[in-house]
Amino acid sequence: MLALIAAIPILLTIVMTVVLNVPAKKALPIAWFSIVIIGLFYWQMDVQHIASYTITGFLGSIDTLLIIFGAILLMNMLKEAGAMRRIEGMFNGITEDARIQLVIIGFAFSAFIEGAAGFGTPAAIAAPLLIGLGFPPMAAAISCLILNSTPVPFGAAGTPTNSAFACVEDVLPTLGITPDTWLLSFSFISALGMDIGAFLIIFIVVGITTMKFGKDHKFSDALPVLPFCLLAALSFTVISLPLAMFIGSEITSLASAAITVFVLLGAAKSGFLMPKDVWRFESQQAKEAEKEGDVVATSQMSLLKAWTPYLLISLWLVATRIPQFGLKPIITSFSVSMSNILGVENAVWSFKYVNNPGIAPFILVVIIGIFLYGLSGAQVTHMIKASGRQVYGAFIALLFGFALVYIYRYSNANAAGFDSMLLAMAHGMADLAGANFFYVSPIIGSIGAFMFGSNTVSNIMFTPLQFETATILNLPQIAIVALQNQGGAIGNMICINNIVAVCATTGISGVEGKLIRTDAVPWAIYYVICIAVMSAILAFGWIPAY
């Protein structure tokens, strides 16, 4: 009974977002209000503790909000300056084979944008670019949605993975676990399942594209590019796994995808692993007027200048995240903190502002970019306003999402003598799923992504629940939280918010249901891969002992 009552805010959120199509920015404040009511009248918490944890949650969201704002601001600055158009122009003329274009742009370039910005930007940029190259809008939408799954745990400088870690960081020392060590292991385990999945999912997407949109409607038309698909996955993986294992989550997707882009560009230009016959869509041809317009728009900027902001971001993140350089202890020493918020002892907040990627390097690079590109005051004002409008919904959702999680976690401070609502739900999940919880865990992550439109928000909402349930069932917490992280990542391809957004950017609104049905099969394949890889990790004892 306690578990069911504790679950009301989450169930309410699911009904509002999935059934009633209420956006997260409206659903989460209502869910927060419901947990306040439950806390006051059933858990018998006092107003002081509820207010304190709400404020602590609000403050805890600042880290993530700044990353989102900085990433989107950077993207808008590049668009305003014409640098993004120049980068897109670089891809024109690589090859006329649509299958190769799909691998390079739909996977590698999209993964790079995910690593740098995340939060829906890859599909918004990559899908229109594919359409410009002659892809049918539906093909561009489907492929970009599915392919934007592998890099997602490390999107926007590792925000989803770091957000999951932040939800359990304060619990780890009580279990005798060093948080930094746990984070590196968590990053690696999360990356392993996603990267192995890439070896299959890239090829499957090409096959879906040739089967559904090709002249002959044959999946086998994808076979000639299988070696190129494997090269893309291999290039990404051999960079991604060491970065996740030894450095952490911030540059994992960003650096892996950047290197993969140039590896694939080099292979395509040299003819390495390229198919003998060029495959194109029946109607694939770019309009000459559009091509001429692109030449005029992009000819004034060098590629180096267009890529400079990304190069600066990569250099900063590499220099400050690799331990051997010794910069991380310096940048993490700059912090502001609050303790005993509203007089509540364990209500503590700390913000390491120089270590926040939203401030450094994103906003810092935007400031440099304003002068680099000579943007006018009107252009700067426009990009700031546009970024503010894009972030507003996430701002409201994350404020109340964090507040909700904090009340869930610390609701053990009550006069009724109950455990926290989080622990009550964990006991309920343990009783309900039992030994099968291992298989349920990534599904919960995907449901979170489906509900909230973000792996980050899914991790914030469900990581504490997954961690506590794993503890009760004596399952390795790090494996279960990694499955949550992976589930949220693959949930991106069936997330209604992402689907609505990509339909809008590709001009095919009204086919959302068809996209979900098409993406459901790749989601199921990726789910099986993640479960199989995690099972192997457990079977071979690769989970670190703490």
Side-chain angles (χ1 to χ4, degrees), residues 64 67 111 114-115 118-119 148-169 171-172 179 182-198 201 237 240-241 243-245 247-254 256 401 405 437-471 475-495 498 523 526-535 537-538 542-544:
T64 302
I67 297 172
E114 176 65 36
F119 300 100
N148 188 36
S149 48
T150 301
V152 167
F154 307 100
T159 300
T161 295
N162 287 339
S163 296
F165 169 69
C167 290
V168 299
E169 183 178 8
V171 179
L172 298 176
W182 192 91
L183 176 58
L184 288 175
S185 298
F186 172 55
S187 296
F188 173 74
I189 294 170
S190 295
L192 189 59
M194 302 307 297
D195 289 354
I196 290 176
I201 209 71
T237 298
S240 170
L241 291 181
L243 288 176
M245 179 183 290
I247 297 177
S249 57
E250 285 93 343
I251 63 172
T252 298
S253 286
L254 183 69
S256 304
V405 167
F437 185 75
F438 177 83
Y439 304 98
V440 174
S441 180
I443 296 175
I444 294 173
S446 288
I447 290 172
F450 184 88
M451 287 165 51
F452 306 118
S454 166
N455 190 22
T456 295
V457 183
S458 176
N459 283 349
I460 290 167
M461 290 296 295
F462 294 125
T463 293
L465 174 63
Q466 301 257 26
F467 190 94
E468 292 295 342
T469 306
T471 303
L475 295 170
Q477 297 102 327
I478 196 169
I480 297 301
V481 176
L483 286 173
Q484 155 67 36
N485 200 15
Q486 293 170 347
I490 64 176
N492 257 26
M493 66 177 77
I494 56 170
C495 159
N498 287 352
W523 175 89
Y526 226 139
Y527 165 81
V528 171
I529 292 170
C530 289
I531 288 292
V533 171
M534 195 64 70
S535 298
I537 289 173
L538 294 173
W542 293 344
I543 294 291

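Any value given below was found using the heavy atoms of this structure, including those in side chains, with hydrogens, waters and symmetry copies removed.
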Stepwise side-chain hydrogen bond (donor to acceptor under 3.5 Å, both in side chains) check, N162 with S249: CA-CA 7 Å; N162 287 339; S249 57; 2.7 Å; yes

For residues [X] and [Y], report the shortest heavy-atom separation together with the two atoms involved.
{"X": "Y439", "Y": "Y527", "answer": "O-OH, 2.6 Å"}
{"X": "G445", "Y": "S458", "answer": "O-OG, 2.9 Å"}
{"X": "G488", "Y": "N455", "answer": "CA-OD1, 3.0 Å"}

Rounded at 0.5 Å granularity, tell me how far [atom1] in [X] sits from [atom2] in [Y].
{"X": "I490", "Y": "I529", "atom1": "CD1", "atom2": "CD1", "result": "9.0 Å"}
{"X": "I537", "Y": "I189", "atom1": "CD1", "atom2": "CD1", "result": "5.5 Å"}
{"X": "S446", "Y": "M493", "atom1": "OG", "atom2": "CE", "result": "8.5 Å"}
{"X": "L183", "Y": "F188", "atom1": "CG", "atom2": "CZ", "result": "14.0 Å"}
{"X": "Q477", "Y": "Q484", "atom1": "CD", "atom2": "CD", "result": "14.5 Å"}
{"X": "F154", "Y": "S240", "atom1": "CZ", "atom2": "OG", "result": "6.0 Å"}

Sequence-distant partners of S190, side-chain hydrogen bond (donor to acceptor under 3.5 Å, both in side chains), two or more places apart: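 S190: side-chain hydrogen bond (donor to acceptor under 3.5 Å, both in side chains) contacts with N485.
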
side-chain hydrogen bond (donor to acceptor under 3.5 Å, both in side chains) involving S441 - partner list, sequence neighbours excluded: Q466

With a 4.5 Å heavy-atom cut-off, do [X] and [Y] have their side chains touching?
{"X": "P442", "Y": "I531", "value": "yes"}
{"X": "S535", "Y": "F438", "value": "yes"}
{"X": "F186", "Y": "V168", "value": "no"}
{"X": "C530", "Y": "M194", "value": "yes"}
{"X": "S187", "Y": "T252", "value": "no"}

Polar side-chain atom of T161 near backbone of P153 as donor-acceptor pair, under 3.5 Å: yes

Step-by-step side chain to side chain contact (heavy atoms under 4.5 Å, CB included) determination, T150 to Y526: CA-CA 9 Å; T150 301; Y526 226 139; 2.7 Å; yes

Chi angles and distances behind the side chain to side chain contact (heavy atoms under 4.5 Å, CB included) call for I480, T469: CA-CA 9 Å; I480 297 301; T469 306; over 6 Å; no

